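Not measured: the values here are computed from a predicted model. All heavy atoms count here, side chains included; hydrogens, waters and symmetry mates do not.
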Amino acid sequence: MATQKEILIRVIENMSKKLIAAENELTELDSIGDADCGSGVRRGFEAVSGVMEEFGSLEVGDILKKVGFTLAYTIGGTSGAMLGTGFIETGKSIGEKTDPSASDWANAVQSALNVIKRRGGNTSVGDKTLVDSLEPAVFTMKAILEASQPPESGTGEGSTDNAAMLQLIEGAFMAAKEGSDRTIDMIAKKGRASYVGQRSKGNRDPGSLIIVIMFEAALEVLRSGK
Amino acid sequence: MATQKEILIRVIENMSKKLIAAENELTELDSIGDADCGSGVRRGFEAVSGVMEEFGSLEVGDILKKVGFTLAYTIGGTSGAMLGTGFIETGKSIGEKTDPSASDWANAVQSALNVIKRRGGNTSVGDKTLVDSLEPAVFTMKAILEASQPPESGTGEGSTDNAAMLQLIEGAFMAAKEGSDRTIDMIAKKGRASYVGQRSKGNRDPGSLIIVIMFEAALEVLRSGK
Amino acid sequence: MKKIINKPDDVVNEMLKGLVLANPEKLSAVYDKRIIYRKDPYLNKVAIISGSGSGHEPDQAFYVGRGMLDAACAGPVFAAPTLDAIVDAAKIVDRGRGVLFLVKNYTGDRANFEMASEMLEFEGGPNVDTVIINDDVAVKDSTYTAGRRGVAGAMFVYKIVGAKSEEEGVNLASLKKLAMEVNDNVRSMGFALKSCTTPAKGSPTFDLGDDEIEMGVGLHGEPGRQRLKHMPANQIIKKITDSVIEDLPFICGDEVAVMINGLGGTPIGELYIAAGIVLDMLKDLKIKVFKTYVNNFCTSLDMEGCSVSLLKLNEEFKRLLESPADIPVRYF
Amino acid sequence: MKKIINKPDDVVNEMLKGLVLANPEKLSAVYDKRIIYRKDPYLNKVAIISGSGSGHEPDQAFYVGRGMLDAACAGPVFAAPTLDAIVDAAKIVDRGRGVLFLVKNYTGDRANFEMASEMLEFEGGPNVDTVIINDDVAVKDSTYTAGRRGVAGAMFVYKIVGAKSEEEGVNLASLKKLAMEVNDNVRSMGFALKSCTTPAKGSPTFDLGDDEIEMGVGLHGEPGRQRLKHMPANQIIKKITDSVIEDLPFICGDEVAVMINGLGGTPIGELYIAAGIVLDMLKDLKIKVFKTYVNNFCTSLDMEGCSVSLLKLNEEFKRLLESPADIPVRYF
Ligand SMILES: Nc1ncnc2c1ncn2[C@@H]1O[C@H](COP(=O)(O)OP(=O)(O)O)[C@@H](O)[C@H]1O
Ligand SMILES: Nc1ncnc2c1ncn2[C@@H]1O[C@H](COP(=O)(O)OP(=O)(O)O)[C@@H](O)[C@H]1O
Ligand SMILES: [Mg+2]
Ligand SMILES: [Mg+2]
Ligand SMILES: [Mg+2]
Ligand SMILES: [Mg+2]
């Protein structure tokens, strides 16, 4: 069975491929912003692809941080800061763990969410940003974990099997997708799109779509089941 | 019978009306230049119309100079200098004469032509400018005078009858018109149109058309016969 | 799209290279991070850095020089500069007295400068602080939005703070206070006749009809708040100037500096028509004009239109505005 | 057509009014004749006047000030100034030592300045002389044509001659000689990506396809000599710079000043891309660059594109280029 590190690398690979392919769609959605979201994300994940060979010598947490810094160093703009922050915080939270549990992953993504919200100037759900897909994903992951197992307070370690992770990411993906869909009817209150007020309605937030694609990329890898 | 001064005033009136009406045509023809010929000429002859009331107290020569300075003060550009120069020189040549002869008129227009050519940097026939219609007009006037009467050297004064003037201006108009037509196939060698070389071919020179319209305006007044 | 460029991805780097080649004694660059910094030796001053997406030239790389900025972080076109560039720039220009970041209020710029500040704190220095500039009255300030944008009024902040640091050697805290004071006293608003076209997209960011104008447009081709029919200059300029005046508000007896800022594609002759209108309005209101600045100061690529900024003055601002700055953007 | 204007006929007057209002201590105007002149007292110098159609701003009204022009005669948009304006301007600025007219070589400008000179001679003064500037290599010089046009290179003539007159108080004949010497050593060529639109006509003066450029275009929207397919900046700029270099010719060992002049609608960022290309070429040719000037110096309304000018320097030119000029067009 593949190690978590191997799976993570495949997820990052798939994510990069899908996000690079989504360039035009993201740019188009960002045209009520400043139409640079797609090219930034492409630039960022091309750079990630360029540093993948270094992952061999790193563990899970450091791989995530490496991805985060690479994005923060190459994208620029809001998405560079937010995606960079997200991966860096996720990596920090995973820390030295080589085989994090499902609940470690959920906690890690939650701490990423927290820092993203602070970084964005207290972004909330409803502001029409990537938080609208990321926060429901985090809540869903938490809910799934609570429902499926008694709180294992204090232990935290322990290997996590593929099935649990699959269920977790499936839920996150669905929740992110629904959250992203809800951005369509929102009036932007944060980011550039907020300057146009009413006119931001009717357009999906590009950042929220990035989150959807990320969970989708993870899901595809987990489903491929290796 | 109308005095020469009265006729001149009617000619200037008619000329102003016709040239103001030709604004768009002149601008269009100047679009291988800088497309300002029509508006300049309109501005100039509107200003001339505005000073017509002062003509009452002036004699022929001074009326012409007044028209020249008014054009030079309001048109700007090449046409302002050339038309201004033309009227000023014609006026200077007529001088104090209150009833100039046909040959006085021909000499006056010839001296205007000479200064215009110098002012333009030695403009010649064939350069695709107003000289292409003015010079043939002058030559024709000279030829008509030579053919119709023995050279009255030294006398110069003497009243000129309407018929002689009509014949003179008819000839000048025809010659100017033919000269202007010839500019269509010319490659400009002077003025802004010269910068485009070959591309200036196929377009009548706007300045040459101004001269044609001026003689035509005079002819109409003389023909109306009052 | 026709521009004087080679590949769209190389636009910013080639521009910065031209800037350094044209000012070889005064400027240096770290090209791969798009950092431009002063080459002349300076000591014992708090360093000043501004950064944002490129495409606003002369803001901000062309303002690096004695009496203004010590470094600029130029992002990709219209995208905030990256984290590492900000961190490295701070390390390059610090002379031991700390670094002040002057940041126009856009989420991306704020977030990247904030990350850089945290990273520098974590690494143990240099000591940095940030002032967010938000002079654009077109965006209603509110805790529920990203807040007002920073636009051309930022130039007054750079100039005044740059002069203060260069000439009077104050510390980081005082400089920050001064920057905030300038920001508190400056208001701006702009409008567009034509959208800009980014090299990457190659077509206009927003579409304006042949008879439409966009009031309150942002610096990146973000559409503004209101689309109106095109009007004579007198009416447009009065509208935006009224919004600026009412906001602070500027009142009878105030003394101000006026900036008429072209957005990139509008000829300077038209900017002076706008200046005449604004100056007439201020005269009527008995607002005294100390100095009028008319040029392209903070642009949006080839966007057509302009903005009007007013800065309420005190004696210190006046002295610092007038002190010389040696910057690469100049005439003779 | 969308511009920041009111009525097309009022464009020049409103622009000049804005200019004077924005610089009330330094400039005066005779509005009905479109004359802008220095207000500061100056004595014992030969006065310098330039004039041409409007639409080339900052050339020339925005260059009136200490160390450059003493007056400018602004014609209607793209039409040479009128006779009476030139005559009156000469009378206003003369301080008894005569007036030098600096005229870019266009038939209309020459003819009107010539008429004015004759009129002033007839009226008994002031004493005037004229230097015709013709730096545009796009037009082949020949006794059979109107000759080369005067374009952005004229700015070098204004600057050097203005400094000389202001600072060294030479007489009219020496100043004329200096102006001719600068003219003899400067060469320029430009290209357009997009035609300008005059306020009067309201549509582009010439039509360029979406993939076409016009090489050697004139300052008034006169089409150039050659229409080419649009190319990357590297190729276009190399072509025009080669034409400029070959013409004088500029050779290895020469020292030059470089001017990259925007035509009005092109953002300054793109001009620096062009600057980088030119400076690289000069380095390869071992032509030494003393100073590089990058901005909109002599425009054609909202035309997009730029020109490249090179001036071969001597010690006197260098000293005079570097001496300060206090002109209304500026940043801070
Ligand atoms: N305050 C914020 N908090 C979280 N995410 C934000 C915030 N503002 C914007 N975003 C996200 O950033 C995305 C746009 O990224 P990008 O195009 O890089 O931004 P910009 O060009 O405005 O700097 C938006 O779609 C949104 O999801
Ligand atoms: N050198 C010249 N000599 C005589 N007439 C000339 C000369 N150059 C141009 N013209 C005339 O001037 C006319 C254009 O006038 P105008 O549009 O005012 O000129 P511009 O805009 O070039 O100053 C041309 O049609 C031509 O007849
Ligand atoms: Mg964006
Ligand atoms: Mg013309
Ligand atoms: Mg952006
Ligand atoms: Mg003209």
If you tally heavy-atom pairs under 4.5 Å between each of D:K33, D:E214, D:K201 and chain B, the highest tally belongs to D:E214

Assess whether atom [atom1] of [X] is packed by more than 12 heavy atoms of other residues, nucleotides or ligands within 6.0 Å.
| X | atom1 | answer |
| --- | --- | --- |
| D:M1 | CE | yes |
| D:M119 | CE | yes |
| D:K7 | NZ | no |
| D:R110 | CZ | no |
| B:K5 | NZ | yes |

Expected contact set for residues 17-25 of chain B against chain D at heavy-atom separation under 4.5 Å reads none

Against chain D, residues from residues 54-76 of chain B with at least one heavy atom under 4.5 Å, in numeric order, are B:F69, B:A72, B:Y73, B:T74, B:I75, B:G76

From the list B:G38, B:A193, B:G120, B:G191, the residue making the most non-hydrogen contacts under 4.5 Å with chain D is B:G191

Can you see whether [X] engages [Y] through a side-chain donor-acceptor pair at a distance of less than 3.5 angstrom?
| X | Y | value |
| --- | --- | --- |
| D:S309 | D:S188 | yes |
| B:N114 | B:S111 | no |
| D:Q60 | D:S52 | yes |

Bottom line for D:D32: the part with an atom under 4.5 Å from chain B's heavy atoms is neither

When the 4.5 angstrom heavy-atom criterion is applied to D:N112 and chain B, the contacting part is both

Here the gap from D:E118 atom CD to D:L120 atom CG, rounded to the nearest 0.5 Å, amounts to 10.5 Å

Smallest heavy-atom separation, B:K128 atom then B:N203 atom, equals NZ-O, 2.7 Å

Query raised in the report: Should the ring pair D:H56 and D:F78 be called parallel, tilted or perpendicular, given that the plane angle runs from 0 to 90° and is split at 30 and 60?
Result: parallel

